[in-house]
Amino acid sequence: MHVRSLVFLSCLFGLGSAGVVEKRFTSDVSATGPVDPNAASDCSYWVNAIDSGDTCQSVADYFGLSVGDIVSWNPSLSSTDCMLNAGWSYCVEAAPVKTTTTTKKTTTTTTTTTTTTTTTTTKPITTTTTTTTTTTAAATTSAPYTPQQTGIISTCNKYHLVADGDTCDVIAAKYGITSSNIYAWNPATGASCSSLWLGYYVCVGVPGTTTTKATTTTKATTTTKTTTTTTATGPSPTQSGITPDCTTYYKAQSGDSCYSIVTEKYTYLSSAQFIWWNPAVGGSCTNLQVGYYYCVASKTVSPMPNTISTCKKYHLVASGDSCWTIQQEYAITAANFNKWNPYVGSSCSSLWLGYYVCIGV
């Protein structure tokens with residue numbers, strides 16, 4: 001029975017039990033919050049809007065599952081210490097795991113023996129001829145591109161493995177498609193491409209797609225940074241495994257969590273990106289240590305220099321952007337934009353492609 005059927009029955013019987021009140025979880029076929037970076041790629045149903053008091057057991061009971069099911073579809077969780085992140089979405093239904101189909105290699109050997117006897121006046125001569133024929137069947141294999149980001153369009157027939165330095169615009173230009181195609185075929189990347197995961201496959205083609213030759217256009221108001229900066233060793237103490245291209249660090253304070261850091265202090269980040277850069281905190285962020293420094297910006301994901309420290313909302317500069325178009329899109333004044341992003345300059349001469357600018361405090 002599908003999880004969605006179990007949820008319906010749970011609600012039906014819950015209404016019929018006088019005096020029994022059970023929390024009703026918000027669920028859908030799509031995730032609405034941050035998800036486990038390694039969640040089942042073929043997840044077909046999600047529980048959303050997790051509260052701080054929710055537990056793996058309460059979710060499992062509600063959907064008629066075991067805690068083991070929850071952990072298997074959301075590998076960052078631990079079966080011995082299963083802690084949910086508030087605001088996240090977790091997979092509660094996935095299709096059977098795809099397997100690799102292999103045709104066994106076989107070898108057939110046929111031996112033919114022909115004997116010819118010739119009689120003479122001396123002694124018989126026997127000649128033996130042996131012919132060996134070997135036939136080998138070719139081995140065939142088929143396997144999906146893994147790991148993948150969640151929600152990839154089912155008709156995808158071409159994939160790209162995300163590498164260091166990739167953005168949705170860079171990938172779209174490489175394959176002659178549009179950034180809109182990337183978002184439509186890979187909804188988990190987000191409309192601003194803020195959740196493009198390094199080392200994961202994304203869809204870059206579906207049947208009937210029309211591609212165009214990639215061209216590069218540079219507007220006077222958009223500049224690309226061309227200088228190389230060597231970053232000194234970061235501050236200490238830090239936990240092990242921090243991304244080697246980190247450029248900005250944050251010292252964890254009492255009361256901090258991964259979720260509060262990315263939603264209150266560095267809102268251009270996602271929880272998944274923060275955990276990717278700082279893997280020692282754990283998939284559920286249970287090992288965030290007060291007084292330790294953590295990476296909050298890298299050479300590929302970073303705000304413009306000198307951005308106001310109280311910024312709460314960011315925009316990722318894309319090809320074709322100018323200060324004026326950004327101000328119009330978010331209904332902010334030029335004075336505020338220049339105040340929040342002083343490095344860009346009042347003439348917008350230092351607006352860097354691929355960097356975040358502040359659009360709200």
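These numbers come from the heavy atoms of this one structure, side chains and all, not from hydrogens, waters or symmetry mates. On a predicted model such as this, the values are computed, not experimentally measured, just so you know.
- Cluster membership check: Val71 does not share its hydrophobic cluster with Met83, using side-chain heavy-atom separations under 4.5 Å among Ile, Leu, Val, Met, Phe, Trp and Tyr.
- When atom types are taken as modelled, the side chain of Asp166 and the backbone of Ala163 share a donor-acceptor pair closer than 3.5 angstrom.
- For the pair Gln239 (side chain) and Asn287 (backbone), a donor-acceptor distance under 3.5 Å is present.
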Task: side chain to side chain donor-acceptor pair (under 3.5 Å) between Asn48 and Ser89, intermediate numbers included - done: CA-CA 4 Å; Asn48 298 313; Ser89 297; 2.5 Å; yes

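- In this structure, the side chains of Ile70 and Asn74 come closer than 4.5 Å at one or more pairs of heavy atoms.
- A side-chain donor-acceptor contact under 3.5 Å links Lys312 to the backbone of Glu264.
- Looking only at atom types and distance, the side chain of Asn338 has no donor-acceptor partner in the side chain of Ser346 under 3.5 Å away.
- A donor-acceptor pair is defined here as one N or O able to donate and one able to accept, closer than 3.5 Å; no such pair exists between the side chain of Asn278 and the backbone of Ile275.
- In terms of modelled atom types and a separation under 3.5 Å, the side chain of Glu93 and the main chain of Cys91 share no donor-acceptor contact.
- Under a 4.0 Å N-O distance rule, the pair Lys265/Asp256 qualifies as a salt bridge.
- Between the side chains of Ser30 and Asp28, not a single donor N or O lies within less than 3.5 Å of an accepting N or O.
- Counting all heavy atoms, side chain and backbone alike, Val317 lies closest to Trp352 at CB-O, 3.4 Å.
- Residues Tyr175 and His160 bring a donor and an acceptor atom of their side chains to less than 3.5 Å of each other.
- For the residue pair His315 and Tyr356, no side-chain donor N or O sits within less than 3.5 Å of a side-chain acceptor on the partner.
- For the side chain to side chain donor-acceptor pair (under 3.5 Å) criterion with Tyr200, the lone passing option out of Thr150, Asn38, Thr146 is Asn38.
- Ser298 has its side chain out of reach of Cys246: every pair of non-hydrogen atoms, C-beta onward, lies at least 4.5 Å apart.
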TODO: Begin with the C-alpha distance, continue with both residues' side-chain angles, and end with the deciding distance and a verdict on side chain to side chain contact (heavy atoms under 4.5 Å, CB included) for Tyr45 and Ser27.
DONE: CA-CA 7 Å; Tyr45 208 62; Ser27 55; 3.2 Å; yes

Open item on the list: Would Tyr201 and Tyr145 count as a ring pair (Phe, Tyr, Trp, His ring centres under 6.0 Å) here? Give the steps.
Closed with: CA-CA 7 Å; Tyr201 282 95; Tyr145 293 89; 5.2 Å; yes

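- By the 30° and 60° cut-offs, the orientation of the rings of Tyr314 relative to Tyr268 is perpendicular.
- Side-chain N/O atoms of Thr178 and Asn181 include a donor and acceptor closer than 3.5 Å.
- Side-chain contact check for Asp169 and Ser179: at least one donor-acceptor pair (N or O, by modelled atom type) lies under 3.5 Å.
- The two residues Thr243 and Cys295 have their closest heavy-atom pair at CG2-SG, 3.7 Å.
- Across every non-hydrogen atom of Val357 and Phe337, the tightest pair is CG2-CE1, 4.1 Å.
- Judged purely by distance below 3.5 Å, without hydrogens or angles, the side chains of Ser66 and Asp69 pair a donor atom with an acceptor atom.
- Contact record, Tyr90 with Asn85: OH-N, 2.9 Å, taken as the closest heavy-atom pair.
- Within the 3.5 Å criterion, the main-chain N or O of Ala86 finds no donor-acceptor partner in the side chain of Ser52.
- Contact check for Phe274 versus Val296: side-chain heavy atoms found under the 4.5 Å cut-off.
- Looking at Leu196 and Gln149, their side chains come closer than 4.5 Å, going by heavy atoms from C-beta outward.
- Under a 3.5 Å cut-off, the side chain of Asp54 and the backbone N or O of Ile50 do not form any donor-acceptor pair.
- Residues Leu316 and Asp321 share a closest heavy-atom pair of O-OD2, 3.9 Å.
- Cluster membership for Tyr159 and Val170, using ILVMFWY side-chain heavy atoms within less than 4.5 angstrom, is not shared.
- Side-chain N/O atoms of Ser78 and Thr80 include a donor and acceptor closer than 3.5 Å.
- In the model, Tyr294 has no side-chain atom that pairs as donor or acceptor with a side-chain atom of Gln289 under 3.5 Å.
- Of all non-hydrogen atoms in Pro147 and Gly199, the two that sit nearest each other are CG-O, 3.7 Å.
- In this structure, the side chain of Thr247 engages the main chain of Ala297 through a donor-acceptor pair within 3.5 Å.
- Under the 4.5 Å side-chain criterion, counting only non-hydrogen atoms from C-beta, Phe25 is in contact with Ser58.
- In this structure, Tyr250 has its ring center under 6.0 Å from that of Tyr266.
- Judged purely by atom type and a 3.5 angstrom limit, Thr263 uses its side chain to pair as donor or acceptor with the backbone of Tyr259.
- Between the Asn186 side chain and the Cys203 main chain, a donor and an acceptor come within less than 3.5 Å of each other.
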